[in-house]
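All figures in this text were calculated on a predicted structure; none of them were measured in a lab. Just the heavy atoms: all of them, side chains too, but no hydrogens, waters or symmetry mates, feed the values below. In what follows, chains are A, B, ... by sequence order, proteins preceding strands, each numbered from 1.
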Amino acid sequence: MYRAPRGTADVLPEEQGYWRYIEARARALGQRFGYQRLDTPVFEQTALFVRGVGQGTDIVEKEMYSFLDRGGDSMTLRPEGTAPVCRAYLEHGMHNQPQPVRLYYFSPAFRYERPQAGRFRQHHQFGVEALGDGDPSVDAEIVEMAWRLMEDLGLRDLTLLLNSIGDSECRPAYLEHLRAYYASRVERLCQDCRGRLERSPLRLLDCKQEACQALAQEAPRSIDHLCHPCRDHWEELMKCLRRLDIPFRVEPRLVRGLDYYTRTVFEIQPPEERAQSTLCAGGRYDGLIQELGGPPTPGIGFAAGMERMVSNVKGQGVPVPQEESVRVVIAYLGDEAKGEALSLASQLRSKGIGAVLAPAGKSLRAQMRYANSLGVSYALILGEEEMRSGSALLRDMAKGEQRVVPLQGVAEELAN
RNA sequence: GUGGGCGUGGCCAAGCUAGGUCCAAGGCGCCAGGUUGUGGCCCUGGAGAUCGAGGGUUCAAAUCCCUCCGUCCACCCCA
């Protein structure tokens with residue numbers, strides 16, 4: 001038997017309520033903050049991600065779904081949302097629009113990973129990007145959006161973690177401090193971290209090993225090694241957030257896995273710490289657009305995981321409106337009634353009333369059971385008697401009462 | 001890529017530790033009947049399982065062993 005590929009999942013009808021709920025809130029959020037929706041293709045030239053996400057990152061090294069198309073070009077299923085947005089920004093000359101350009105998107109993302117709680121090979125993100133304005137107030141706007149989204153979803157007890165990792169001016173020096181610090185303590189590091197020391201020293205900060213954690217506590221903090229512009233930016237961002245009453249926690253060990261981040265990075269964590277729990281993560285990427293061949297252009301954004309939001313909305317018992325079911329089931333007996341039932345259903349639908357026929361060839365009892373299991377408000381019964389008198393029985397399922405109504409008036413009757 | 005848990009009808013699940021009484025219990029769901037044309041409760045009956053797959057041990061395996069696959073969780077990494 002065929003199954004959904006590993007790490008992918010069907011979103012079944014009974015789950016849809018959660019997804020539509022989150023999408024509706026996210027869309028409203030984008031609208032309120034003046035963001036416009038942008039959809040980009042599900043695949044792009046491989047080079048876009050190699051360039052954008054970074055040669056040495058795990059995503060590029062071992063997680064991309066890449067393939068050669070029939071023309072021999074290497075294509076890759078989008079592993080993240082920011083690079084495509086930046087590509088579209090450049091391709092459509094959006095740098096000629098008033099800056100910043102504010103965009104949001106819903107899109108699937110693909111990474112060849114080992115699935116586990118909260119991690120999939122295909123997942124879905126709601127993302128937001130503000131391009132072309134490097135002012136800290138834009139950072140604050142993005143962080144606020146992320147926070148408000150979680151509020152709007154009705155999620156409680158979340159933590160907003162914030163950090164600044166500097167830019168190309170100050171980060172190299174900071175990394176040297178970090179390496180120096182760890183170099184004298186290598187023997188206390190776990191195996192993995194010894195390997196990481198040269199390649200990506202920032203990663204040592206969020207290693208989960210106890211010994212490494214202890215070292216990370218005392219490690220030099222990037223916010224203490226920012227250059228002046230970065231420091232000013234960082235200070236002002238915090239000032240903005242305080243002014244907005246966004247309760248953030250400075251987390252000097254917060255780092256990001258993608259190469260393009262500069263200055264601001266942040267995450268939103270749910271109350272119960274699981275392994276893959278980050279609901280939302282983002283940051284500034286002032287070098288990215290230039291890296292992709294555009295003019296020097298600042299940018300900042302975040303992405304929130306749909307599956308993780310769904311799971312938290314469920315887990316916290318947030319009441320979510322369910323999609324309305326069909327209003328009417330039409331039960332009928334006999335061929336003549338069948339024709340009438342068909343046209344009646346059509347009339348009802350044209351008036352916006354959801355209607356379905358009971359399954360053909362079943363006893364009335366079975367048809368009524370069907371109506372009941374669908375949870376409809378009304379059943380319309382068309383039998384031989386009704387056919388003779390040109391009427392139908394309209395049964396109120398909740399009350400268990402029914403009355404004869406003329407066929408002509410049924411649609412109007414139900415419309416009220 | 002590494003480590004651990006799990007894998008019995010559509011779903012939940014007993015049985016597996018001490019192999020036979022299991023041609024596999026029960027519940028939900030599904031189908032039919034209990035009313036010549038009527039739901040929800042209740043009652044009766046029914047369909048539906050190569051016990052994840054393959055191999056091995058044994059007179060005998062859902063139960064023991066091996067391999068593989070799947071799934072879940074953790075590492076790695078990330079939304």
Ignoring backbone atoms, test whether [X] places a side-chain nitrogen or oxygen under 4.0 Å from the OP1 or OP2 oxygen of [N].
X: A:Ser373; N: B:G40; answer: no
X: A:Arg369; N: B:G33; answer: no
X: A:Arg111; N: B:A79; answer: yes

Taking atom types as they are modelled, would you say the side chain of [X] forms a donor-acceptor pair with the base of [N] within the 3.5 Å cutoff?
X: A:Glu63; N: B:C76; value: no
X: A:Gln367; N: B:U38; value: no
X: A:Arg365; N: B:G37; value: no
X: A:Arg308; N: B:C78; value: yes

Determine the Euclidean distance between corresponding [atom1] atoms of [M] and [N]; express it in Å to zero decimal places.
N: B:U8; M: B:A24; atom1: C1'; value: 8 Å
N: B:A49; M: B:G10; atom1: C1'; value: 12 Å
N: B:G9; M: B:A25; atom1: P; value: 12 Å

Does A:Arg78 make a cation-pi contact with A:Phe110 (under 6.0 Å, within 45 degrees of the axis)?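 Ring-cation test returns no.
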
A:Lys314 to A:Tyr18 six-membered ring, cation-pi geometry met (6.0 Å, 45°): yes

In whole Å, what is the span from the OH atom of A:Tyr2 to the C1' atom of B:G10?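 Those two atoms, OH and C1', are 20 Å apart.
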
Between P of B:U71 and CZ of A:Arg3, the distance in whole Å: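 Taking atom P of B:U71 as the reference, CZ of A:Arg3 is at 6 Å.
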
Does the structure show a Watson-Crick or G-U wobble partner for B:C16, both distances under 3.5 Å? Name it, or say none. none

For the side chain to side chain donor-acceptor pair (under 3.5 Å) test, which of A:Arg121, A:Gln125, A:Arg119 pairs with A:His123? A:Gln125

Worked verdict on A:Arg221 versus A:Asn163 for side-chain contact (heavy atoms from CB on, under 4.5 Å): CA-CA 10 Å; A:Arg221 313 187 309 171; A:Asn163 193 20; over 6 Å; no

Compare the minimum distances between each of B:C77, B:G33, B:G37 and the side chain of A:Arg119, then state the nucleotide with the smallest one. B:C77

For A:His124 and B:A79, do the ring centres fall under 5.5 Å apart while the planes stay under 30° apart?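 Stacking is absent between B:A79 and A:His124, given that the ring centres and planes do not meet under 5.5 Å and under 30°.
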
